[in-house]
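Let me begin by presenting the structure, written as C-alpha cells, before commenting on it.
We use all heavy atoms of the structure for the numbers below, so side chains are in, but hydrogens, waters and symmetry mates are not. Remember, it's 1-based here, ligands and their atoms both numbered in the order they're listed.
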Amino acid sequence: MIERLDAFMARANAAYYATRDPFRDFTTSPEISQVFGELLGLWAAVCWRAMGMPTPVLLIEAGPGRGTLMEDALRATAQAAPDFRAASQLHLIETSPRLRAIQAARLPAAIWHDGIETVPDGPFLLLANEFLDALPIRQFVRRRDGWCERYVGDHGSVERPAAPGDIDAAWHNDPENSVRELCPAAGDVVQAIAERCRSHPGVALLIDYGPEHDAPGDSLQAIAEGKAVDPLTTTPGTADLTAHVGFSRLATTARAAGMLVHGPVPQGIFLARLGLFQRSNRLARSLPPAKAAAIMQAARRLGEPDRMGRLFKAMALSHPALAHCPGFED
Ligand code: SAH
C-alpha cells in the first residue's frame with residue numbers, strides 16, 4: 001500500500017491515541033506543573049472580561065489529553081474569577097475514546113466533540129496545547145528535477161512528482177533536497193476559529209512547538225516508549241507522530257480570514273508575563289521542601305530558553321475588536 005504522508009500520519013495517530021497512553025511516551029507542560037493550567041485559566045478569565053463578560057461563554061479545549069490543563073484552569077478560576085467559572089460551558093475536542101474516558105472522570109460537566117465544527121456557536125475562549133503538532137502534515141522535497149511529494153510505502157518513504165499548485169512561490173530558492181511541510185488540517189482549524197469570530201467575540205490560544213518563521217526542514221518525529229524511532233517505518237499506532245507547527249503560515253491564514261494575531265512569542269516569555277515564577281513561588285511557600293523544590297524546578301523547565309521556554313511558542317487569534325491580549329504586550 002502507498003499512502004500520502006498526511007493520510008499515513010492521520011491513521012497512525014488515530015490508532016496511537018485510541019490504544020496507548022501517550023503520557024507514558026512523552027510529557028507535556030500541564031503534566032509538568034499545575035501552574036501551567038492555572039495561568040491559562042486566568043488568562044481566559046482576563047480575555048473574557050475584555051470581551052465584556054458574555055454569559056454563557058464557551059470554554060473550549062482542543063486535544064485535552066488527560067484533562068489536567070482544564071482541571072487546573074477550572075480550579076484556579078473558581079478561586080480567582082468565580083463569575084467566569086460560573087459563566088463557562090465546557091466543550092472538549094477529542095477523538096480518542098480512551099482519552100475521553102480519562103477526561104470524563106475529571107471533567108464530568110464537559111461536552112465532547114470530534115472536531116471544532118460541532119461546538120455550538122457563541123462567544124468563546126479556546127485553549128490548545130500540543131494539539132496542532134499531532135495533526136497530519138504533507139511533505140515536499142526539492143529534487144534536482146523539481147519538487148516531489150512524500151508518500152509512505154511498505155518500506156518507508158516513496159516520492160512522487162508534486163502537483164505544481166501545491167508548491168509555494170516562497171520555496172523557489174530552496175536548495176536541492178530541502179524539505180517543506182504543510183499542515184492543511186491546522187489551517188482548517190484556524191479557518192473554523194475565524195468563522196466563529198464572524199458572529200461572536202472569541203479568542204484562541206495555541207501553544208505548540210515550532211519556529212517563529214517559516215524555514216525548510218524535516219520536523220516529522222516519532223516517539224515510542226520514550227525513544228525516538230523512524231516515523232515512516234514504525235508500525236502505525238505504536239508511536240506518536242508530531243511535526244513542528246508552522247506559526248507564520250497559520251498567522252497568515254488567520255489574518256486573511258479577518259482575525260487579529262498576537263505573537264507568536266516564546267512560551268517562556270509568555271508564561272513569565274502571566275506570572276509563572278511568582279505563582280510557583282507562592283505555591284512553593286505553602287509546600288514541604290521537597291515539593292516546593294519540584295514546583296520551582298518545573299517552572300524552570302517550562303520557562304527557561306534551553307528547556308521548553310524557547311522552542312515552544314504561544315500565539316493567540318482573536319476577534320478584531322480585541323486589540324489586547326494578556327501575555328502578548330510588547
Ligand atoms: N493538550 C494535552 C494533550 C496533548 S496530546 C496536553 O498538553 O497534555 C494531543 C491530544 O490531541 C490528545 O488528547 C489527542 O487524543 C488529541 N488529538 C490528536 N489528534 C486529534 C484530532 N485530529 N482531533 C481531535 N483530537 C486529537
Side-chain angles (χ1 to χ4, degrees), residues 6-41 43-44 59-74 90-107 110-119 125-138 183-193 204-210 220-224 226 236-237 239-245 267 270-271 298 301-302 308 311-314:
D6 53 340
F8 172 83
M9 184 170 171
R11 186 167 65 88
N13 272 349
Y16 175 78
Y17 284 106
T19 57
R20 309 251 155 174
D21 177 2
F23 300 95
R24 287 169 62 114
D25 290 334
F26 59 86
T27 191
T28 56
S29 299
E31 305 298 330
I32 291 169
S33 172
Q34 69 180 73
V35 176
F36 185 81
E38 292 171 353
L39 293 174
L40 266 47
W43 175 92
L59 180 54
I60 311 168
E61 186 180 356
R66 282 180 175 157
T68 309
L69 189 168
M70 191 52 82
E71 196 178 46
D72 292 336
L74 294 181
L90 195 52
H91 291 268
L92 304 178
I93 298 168
E94 176 62 69
T95 41
S96 157
R98 204 168 178 279
L99 288 175
R100 277 189 184 198
I102 296 174
Q103 294 154 16
R106 300 172 84 174
L107 305 163
I111 298 163
W112 279 265
H113 304 269
D114 282 330
I116 189 172
E117 301 74 20
T118 57
V119 178
L125 295 146
L126 183 148
L127 304 173
N129 183 62
E130 290 210 52
F131 169 67
L132 298 174
D133 66 12
L135 299 182
I137 61 159
R138 298 172 67 183
C183 185
D188 292 347
V189 169
V190 168
Q191 291 286 6
I193 293 169
L205 178 62
L206 311 173
I207 301 183
D208 230 304
Y209 75 121
L220 185 66
Q221 65 163 26
I223 306 282
D240 176 54
L241 269 56
T242 59
H244 282 182
V245 170
Q267 162 168 299
F270 177 71
L271 294 178
R301 183 163 171 198
L302 297 183
M308 295 170 81
L311 177 59
F312 281 76
K313 308 288 187 304

Sub-3.5 Å N/O-N/O distance, Gly63 and ligand 1: yes
N or O contact, Phe26 vs ligand 1, cut-off under 3.5 Å: no
Any donor-acceptor N or O pair under 3.5 Å, side chains Tyr16, Ser96: no
Sub-4.0 Å heavy-atom approach of Leu99 to ligand 1: yes
Ligand 1 contacted by Pro22 (non-hydrogen, < 4.0 Å): no
Contact partition for Leu135 relative to ligand 1, non-hydrogen atoms under 4.0 Å: side chain
Taking atom 8 (O) of ligand 1 as the reference point, the nearest protein heavy atom with its distance: Thr28 OG1, 2.5 Å
Option nearest atom 5 (S) of ligand 1 (shortest heavy-atom distance, choices Tyr17, Tyr16, Phe36): Tyr17
Closest protein heavy atom (residue, atom, distance) for atom 4 (C) of ligand 1: Glu130 O, 3.4 Å
N-O pairing of Arg66 and Asp21 below 4.0 Å: yes
Within reach of ligand 1, part of Thr95 (heavy-atom separation under 4.0 Å): both
Note: Asp114-Arg100 ion pair, threshold 4.0 Å (strictly below): yes
